[in-house]
Chemist: 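After the structure tokens below, expect a handful of questions from me.
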Number of protein chains: 2
Amino acid sequence: MARPHTPILSEARILEAVRRLAVDGDFTLAQLARELDVRVSSIYHHVASKGAIVHLLRRDWILRLRTELGDSAGRERLSRIVHSYAEFAGEIPALVPILITEPFQDDELRWLYEDLAQTLHDIGVPDTRLLPLIGTIDAIVLGAAFDLLAPPFHASEVSPETHPRLTAALATLPEDVDRREHLHSTLDDLLAGLLRGYSAHTSS
Amino acid sequence: MARPHTPILSEARILEAVRRLAVDGDFTLAQLARELDVRVSSIYHHVASKGAIVHLLRRDWILRLRTELGDSAGRERLSRIVHSYAEFAGEIPALVPILITEPFQDDELRWLYEDLAQTLHDIGVPDTRLLPLIGTIDAIVLGAAFDLLAPPFHASEVSPETHPRLTAALATLPEDVDRREHLHSTLDDLLAGLLRGYSAHTSS
DNA sequence: ACCTGAACACCGTTCAAGT
DNA sequence: ACCTGAACACCGTTCAAGT
């Protein structure tokens, strides 16, 4: 088969497949092609590169976020952005390194940064602190998402004699820990810590 | 030349070269071999794999940390551990993904986790919160270090009309921002936020 | 326009051959 | 024991060939 009568692939179909794959572990174009039942080279008719796929995923997320945010403002808006960001990154932890390393700066990302800057400004953060704070938030969210890939400690690997406190901590662990849930529950704590001392502006 | 009279390589020499290379950007065995003036295959006589190299770097760091910590305790000890960890990770951001992804759990790492658990316990953190908190600290430090690789925003890429607040923020940016320094200055804020509400135990 | 197969440069890893 | 060269499987990317 060469060109089919009706196209097999599309940007949308590729992104769906990526989302299905990238949740757990590594993500290669070979895997993606298998998932889509095409050859690897076919993918390049729809996306420019592996990095571009991640870029498209993020663009998609920002567009959705934009409508969801509505006209919320201040700490409420910030919290929504950060949690949504964490959810997005938590879905594709294996792609986070690409997200960090490759310098894709499209209009959507600039919009997000402007919105974050404006929201933080409204909360009372001075201009000099805006970029450092945005960088910190970025690092926390991406770091936490990426950390989802880390293998958790297993009780059998520590002995009560040499690691008493670790053993005690492991003993309190429930059967099924939802690490994604924990990620969310931690974010507001961190944000509260970062924003302590700032008080709201009256106008923007 | 086959086997030289006196060995060219050693674990120590390899780790030195890695530290020289991994500071900025990617790290391949080909680069490492060039830096050491040997062939790639020679490296395998001294380390088992690329991942093992990162593992050795971390082991080295933990051993140094151990002596530096002395008998400090409580929040002071925690702060020292975290800052030292950030410094270590900040030196080798390109290797952070390997550090997170590969499940190397040696005696040194277990010692570090036990020490963290004990230190947090002394600060007043209940057993149920120890592992989540350690995970969060890990994510923050590694995320922040990895984020050092991200390309920073450049003023020329945003327009004052569409991104007024981002433009204002960029205008306050000094010529040479030391992102590593900022990493450090943020960590204590985050720790304070995470540990708010806990009060010290009387005994361990 | 869109799918394929073959080729490319690069990656980490293995191993027989040499001293 | 330790360095080398050649081979391997895998990776992302390119491109001429087919419809």
Side-chain angles (χ1 to χ4, degrees), chain A residues 1-19 21-22 24-58 92-104 149, chain B residues 1-19 21-22 24-58 92-104 149:
Chain A
M1 167 182 43
R3 175 156 102 98
H5 294 91
T6 138
I8 300 175
L9 291 181
S10 69
E11 206 176 276
R13 284 210 58 205
I14 290 174
L15 295 189
E16 283 170 35
V18 172
R19 274 186 270 255
L21 283 176
D24 38 29
D26 51 16
F27 157 65
T28 66
L29 294 185
Q31 283 178 325
L32 179 59
R34 209 180 308 123
E35 175 79 15
L36 288 163
D37 206 33
V38 295
R39 305 292 152 182
V40 175
S41 52
S42 310
I43 297 172
Y44 283 86
H45 287 281
H46 301 268
V47 293
S49 68
K50 187 181 178 181
I53 294 178
V54 193
H55 159 245
L56 288 172
L57 280 173
R58 187 181 56 191
I92 52 157
L95 305 184
V96 165
I98 297 176
L99 214 52
I100 293 179
T101 299
E102 304 210 10
F104 281 125
L149 291 180
Chain B
M1 164 183 44
R3 174 155 100 100
H5 294 91
T6 139
I8 301 176
L9 292 180
S10 70
E11 207 176 273
R13 284 210 57 205
I14 290 174
L15 295 189
E16 283 170 35
V18 172
R19 273 185 271 256
L21 284 176
D24 38 29
D26 51 16
F27 157 65
T28 65
L29 294 184
Q31 285 178 323
L32 180 57
R34 209 179 308 124
E35 175 79 16
L36 288 162
D37 206 32
V38 295
R39 304 292 150 180
V40 175
S41 53
S42 310
I43 297 171
Y44 283 86
H45 284 100
H46 301 267
V47 293
S49 67
K50 188 182 178 182
I53 295 177
V54 193
H55 161 243
L56 288 172
L57 280 173
R58 186 180 57 191
I92 53 159
L95 305 185
V96 165
I98 298 176
L99 213 52
I100 293 179
T101 298
E102 304 211 10
F104 281 124
L149 291 181

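Just so you know, these numbers come straight off a predicted model, no measurement behind them.
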Chemist: Watson-Crick or G-U wobble partner for D/dG12, using a 3.5 Å limit on both distances?
Modeler: C/dC8
Chemist: Can you confirm whether more than 12 heavy atoms, excluding those of A/Arg39, are under 6.0 Å from its CZ atom?
Modeler: no
Chemist: Starting from the 5' end of DNA chain D, give me the residue, A/His45 or A/Ala30, whose nearest nucleotide shows up first.
Modeler: A/Ala30
Chemist: If I compare all heavy atoms of B/Pro4 with all of B/Pro7, which pair ends up nearest, and what's the gap?
Modeler: CG-CA, 4.3 Å
Chemist: For B/Arg39 and C/dC15, what is the distance between atoms CZ and P respectively, to the nearest whole Å?
Modeler: 21 Å
Chemist: Does B/Pro7 or A/Ala48 map to a spot on DNA chain D nearer the 5' end, using the closest nucleotide for each?
Modeler: B/Pro7
Chemist: Rounded to whole Å, please give me the gap between NZ in A/Lys50 and P in D/dT14.
Modeler: 15 Å
Chemist: Using whole Å, report how far CZ of B/Phe27 lies from C1' of C/dC10.
Modeler: 16 Å
Chemist: Does a side-chain N or O of A/His46 approach OP1 or OP2 of C/dC3 to a distance below 4.0 Å, or not?
Modeler: yes
Chemist: Only one of A/Leu21, A/Leu57, A/Ile53 forms a side-chain contact (heavy atoms from CB on, under 4.5 Å) with A/Leu95, so which one is it?
Modeler: A/Leu57
Chemist: So, do A/Val18 and A/Leu56 sit near enough that their side-chain heavy atoms are less than 4.5 Å apart?
Modeler: no
Chemist: Starting at atom CD of A/Glu11, determine the distance to atom C1' of C/dC2, rounded to an integer number of angstrom.
Modeler: 15 Å
Chemist: Measure from CG on A/Leu29 to P on C/dC8 and round the result to the nearest Å.
Modeler: 20 Å
Chemist: Nearest to the side chain of B/Thr28 - D/dC3, C/dC3, C/dG12?
Modeler: C/dG12
Chemist: Nearest-Å distance, CG (B/Leu9) to P (D/dC2)?
Modeler: 10 Å
Chemist: Can you measure B/Tyr44 atom OH to C/dA16 atom P for me and round it to whole angstrom units?
Modeler: 17 Å
Chemist: Counting only Watson-Crick or G-U wobble pairs whose two distances fall under 3.5 Å, which nucleotide matches D/dC2?
Modeler: C/dG18
Chemist: So, A/Arg13 side chain and A/Ile8 main chain: donor-acceptor pair closer than 3.5 Å or not?
Modeler: yes
Chemist: Within the structure shown, what part of the strands sits under 4.0 Å from B/Ser41 by heavy-atom distance: base, sugar-phosphate, or nothing?
Modeler: base
Chemist: How close or far is atom C1' of C/dT14 from atom CD1 of B/Ile43, stated in whole angstroms?
Modeler: 14 Å
Chemist: Could you tell me whether A/Ser42 contacts a base, only the sugar-phosphate backbone, or nothing, with contacts defined as non-hydrogen atoms closer than 4.0 Å?
Modeler: base
